[in-house]
Amino acid sequence: MALKLYNSKTRTKQDFAPIDPARVRMYVCGPTVYDFAHIGNARPVVVFDTLYRLLRLNYGADHVIYARNITDVDDKINARAREENVPIADITARTTDQFHADMAALNALPPDVEPRATGHIAQMIAMIESLIARGHAYAADGHVLFHVPSMPDYGRLSGRNVKEMLAGARVEVAPYKRDEMDFVLWKPSDDQTPGWNSPWGYGRPGWHIECSAMSLAHLGETFDIHGGGIDLIFPHHENELAQSACANGPGTFAKFWMHNGYLMVDGKKMSKSEGNFRTVRQLLDKAPGEALRLQILSTHYRQPFDWTDAGTREVKTVLDHWYRLVDGVTADAADIPATVRAALEDDLNTPLAIAEMHRLAHAAGQGAPDAARQLRAGGEFLLGLFGMTADQWLHWQPPGKALDEAAIQARIDARIAARKAKNFKEADRIRDELVAQGIQLEDGPTGTLWKVLS
RNA sequence: GGUGACGUGGCGGAAUGGUUACGCAGCGGAUUGCAAAUCCGUCUAUCCCGGUUCGAUUCCGGGCGUCACCUCCA
């Protein structure tokens, strides 16, 4: 079955055919590194990681190139460095490390290239020069601005009507702008703010130009997929598209635009003032990263997602079950279940894919060995699950908390002895004692196993 | 004010012009010394009002409601 993807540009589901099957190119907007990644940052990473895995399967791992940037020059970073009174590089290095660790915990593969904005200043300057030369940008008052009326198609990607937007605009217009909609490509820096020398003086790039410059540098003028959150469609992606298409020529840039839906927490927009702000780091204290991953995938990527703790508990229960079924089972690519794969190939229908996984789990639970292999293959090769053993999974503890497994085993042995002596009162007492510590015992045919209650 | 998305059973969540997914929870059973785990069985749904149709949850119109964007945001 052919891969179909919803293209935000055309607002339809289309058959995906790469420009060059030997080099399938995907660019996803990565984080601005100034603080811990929140669960809203994790959604596009997990969604596009799932797509990345599927593309690698379809075209070969060596024929897919996935670029996800790190934006390490931004006024939010500058503000944070000032607050903490540390060098900017400290903030960006620390936050980048945290981001990598958190995304790895979610079983997200690292991208093939991870360009940094500060490493591409020269490319940004070159692109700005090209925009000026082509009449799409102008220098004014130390700034360089993109002239929006120079691009007739502006607003098409995000479905905005420029005139209507201006009618409802609440922003003050800077005096140096020729048009209210014009946006900054380059802006001046003072001594306290990071900057680089440029034809327009000492300064730093505007928000959108880094993605245009980096996608060009690593993927070329035209590439296959551009992804990110729907909140970025305006102004970020609209402006990226404007810059790139005007600098490189009409018709260049991404063939497919993909946007994941918004993320809410407990039914509301996540924000610090609402008290429902969740970092990935905080959530990894409640459940293993794979559970968070499956939770993210349990809603179709284009739908709004409502994050709840109850949802986390539910996927944890599901994975407890699946892990038991695939324990000791090995699978190879031949076991990849066609049903799960077909669901993913239909615009990444992960909820349907998970439903097909449940069907396999049902069959595996009845003792079908091929179903167990397919379940494992579906998790391992498609959804990015089963990265640990069943024991590791069932014994999982939040980072920093270590269980004394030897002590638990000693209690289990004592209980086995009591049971052999038919002293059930003592056996039950030991079991209750362990339950009070969050340890659940399971008497099976091969002996007594235990798991951590969640 | 402008724009967009969404409204499916207790909860999560797909699909579909007609045959009422799937999971979690609940309930009943098997199993177990009792549990847990596992297996079997099982109840509950398509926001409201019109229209098109032999038939709509699905298409069209209206209404109500929720969320978001238009300013930093994944």
Side-chain angles (χ1 to χ4, degrees), chain A residues 8 11 28-32 34 37-48 68 71 74-76 79 155 158-172 207 227-238 259-264 267-271 294-308 310-318 320-322 324-325 343 346 349-362 364-367 394 418-419 422-425 427-428 431-432 434-435 439-445 448-451 453:
Chain A
S8 303
R11 291 164 200 264
V28 174
C29 287
T32 299
Y34 70 104
H38 57 69
I39 190 64
N41 301 119
R43 170 123 102 142
V45 171
V46 169
V47 164
F48 291 105
R68 188 182 64 210
T71 295
D74 181 274
D75 287 349
K76 287 194 291 289
S158 57
R160 315 261 160 162
N161 178 305
V162 175
K163 282 179 187 167
E164 280 175 2
M165 286 177 59
L166 287 173
R170 286 176 269 160
V171 263
E172 280 186 43
W207 174 28
I230 187 70
D231 55 310
L232 289 180
I233 199 168
F234 190 88
H236 184 57
H237 289 163
E238 193 71 55
H259 293 97
N260 61 271
Y262 291 104
L263 187 127
M264 299 181 293
K268 291 191 171 171
K269 179 180 179 174
M270 178 169 67
S271 73
L294 187 63
Q295 188 174 0
I296 288 169
L297 295 178
S298 68
T299 293
H300 183 82
Y301 77 93
R302 284 193 280 121
Q303 295 287 92
F305 191 107
D306 188 15
W307 189 274
T308 63
T312 307
R313 285 191 292 274
E314 185 175 329
V315 289
K316 175 68 166 54
T317 302
V318 167
D320 283 354
H321 189 197
W322 287 0
R324 288 186 163 98
L325 291 169
D346 185 10
N349 191 339
T350 52
L352 185 58
I354 291 168
E356 297 298 348
M357 289 285 281
H358 281 302
R359 289 196 173 90
L360 291 172
H362 180 71
Q366 289 178 318
L394 295 170
R419 287 181 73 204
K422 302 273 184 214
N423 186 353
F424 294 122
K425 204 177 161 186
D428 290 353
R431 188 173 62 199
D432 292 344
L434 286 169
V435 167
I439 304 298
Q440 176 70 57
L441 298 189
E442 295 172 13
D443 297 327
T448 296
L449 305 174
W450 59 274
K451 74 163 178 177
L453 290 167

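From a predicted model like this one, the values you see are computed outputs, not experimental measurements. Proteins get letters first, then strands, A, B, ... in listed order; numbering begins at 1 in each.
- The side chain of A:His38 has B:A74 as its nearest neighbour among B:C24, B:A36, B:A74.
- In terms of phosphate contacts, A:Lys269 brings a side-chain nitrogen or oxygen within less than 4.0 Å of OP1 or OP2 of B:C69.
- Nucleotide B:U66 forms a Watson-Crick or G-U wobble pair with B:A5, both donor-acceptor distances falling under 3.5 Å.
- Going from atom CG of A:Asp432 over to atom P of B:A36 covers 12 Å, rounded to whole Å.
- One distance of note links CE of A:Met270 with OH of A:Tyr262; it measures 13.5 Å at 0.5 Å rounding.
- For A:Pro304, whose side chain is taken as the heavy atoms from C-beta onward, the closest listed nucleotide among B:A5, B:A14, B:G33 is B:A5.
- Nucleotide B:C69 holds its P atom 15 Å from the NE2 atom of A:His259, rounded to whole Å.
- Of all nucleotides listed (B:C70, B:A14, B:A36), B:C70 comes nearest to the side chain of A:Phe234.
- Taking atom P in both B:C11 and B:G26, one finds a spacing of 15 Å when rounded to whole Å.
- A distance of about 13 Å separates the C1' atoms of B:U46 and B:G13, rounded to the whole Å.
- When heavy atoms are screened at a 4.0 angstrom cut-off, A:Gly444 is found touching no nucleic acid atom at all.
- When atom types are taken as modelled, the side chain of A:Glu314 and the backbone of A:Gln295 share no donor-acceptor pair closer than 3.5 angstrom.
- Heavy atoms of A:Arg419 sit under 4.0 angstrom from at least one base atom.
- Side chain of A:Gln303, nearest nucleotide from B:C6, B:A74, B:C24: B:C6.
- Between the side chain of A:Asp306 and the base of B:G12, no donor-acceptor pair under 3.5 Å is found.
- The nucleotide whose nearest atom lies closest to any side-chain atom of A:Val318 is, among B:A14, B:G23, B:A74, B:G23.
- No hydrogens or angles were tested; on distance alone, nothing pairs the side chain of A:Glu314 with the base of B:G12 as donor and acceptor under 3.5 Å.
- For B:C47 and B:G41, the C1' atoms lie 33 Å apart once the distance is rounded to whole Å.
- Salt bridge annotation for A:Asp320-A:Lys316: present, with a cationic side-chain nitrogen under 4.0 angstrom from a carboxylate oxygen.
- Within 3.5 Å, a donor on the side chain of A:Arg431 pairs with an acceptor on the base of B:A35, or the reverse.
- Using C1' as the reference atom, B:U53 and B:U58 are 13 Å apart when rounded to the nearest Å.
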Criterion side chain to side chain contact (heavy atoms under 4.5 Å, CB included) on A:Asn260 and A:Arg302, from CA distance to verdict: CA-CA 5 Å; A:Asn260 61 271; A:Arg302 284 193 280 121; over 6 Å; no
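- The CE atom of A:Met264 sits 19 Å away from the P atom of B:G4 (whole-angstrom rounding).
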Which atom pairs link the protein and nucleotides 39-42 of chain B when you take only N or O atoms and keep those under 3.5 Å?
residue: B:C39; atom: OP1; partner: A:His321; partner atom: NE2; Å: 3.3
residue: B:C40; atom: OP1; partner: A:His362; partner atom: NE2; Å: 3.4
residue: B:C40; atom: OP1; partner: A:Gln366; partner atom: NE2; Å: 2.7

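- Heavy atoms of A:Ile354 sit nowhere under 4.0 angstrom from any nucleic acid atom.
- A:Trp322 has its CH2 atom 18 Å from the P atom of B:A37, to the nearest Å.
- As the counterpart of B:A25, no nucleotide is assigned, since no Watson-Crick or G-U wobble pattern has both distances under 3.5 Å.
- For A:Arg43 against A:Tyr301, the heavy-atom pair with the smallest separation is NH1-O, 3.5 Å.
- In this structure, A:Phe305 and A:Ile296 approach most closely via the heavy-atom pair CE1-O, 3.6 Å.
- The gap from the C1' atom of B:A14 to that of B:G29 amounts to 30 Å, rounded to the nearest Å.
- Contacts of A:Lys76 with the nucleic acid, taken as non-hydrogen atoms under 4.0 Å apart, involve only primed sugar atoms and P, OP1 or OP2.
- Taking the C1' atom of each, B:U44 and B:C60 are spaced 31 Å apart, rounded to whole Å.
- Between B:A36 and B:A30, the distance separating the two P atoms is 14 Å to the nearest Å.
- In this structure, A:Leu394 CG and A:Gln440 CD are separated by 11.5 Å, a value rounded to the nearest 0.5 Å.
- When rounded to the nearest whole Å, the span between CG of A:Leu263 and P of B:C69 equals 13 Å.
- Legend: residues meeting ring-ring contact (aromatic ring centres under 6.0 Å, His included) with A:His300, ordered by chain and number and at least two apart, are absent.
- At a threshold of 4.0 angstrom between heavy atoms, the contacts of A:Asn349 are confined to the sugar-phosphate backbone, with no base atom among them.
- Taking atom C1' on both B:A15 and B:U52, the two are 23 Å apart, rounded to the nearest angstrom.
- Contact annotation: A:Thr299 reaches the phosphate of B:G13 (side-chain N/O to OP1 or OP2, under 4.0 Å).
- In this entry B:G18 has B:C54 as its Watson-Crick or G-U wobble partner, both defining distances falling under 3.5 Å.
- You'll find that the side chain of A:Asp443 is closest to B:C34, out of B:A74, B:A14, B:C34.
- When distances are taken from the side chain of A:Asp428 to each of B:C34, B:C6, B:A21, the shortest belongs to B:C34.
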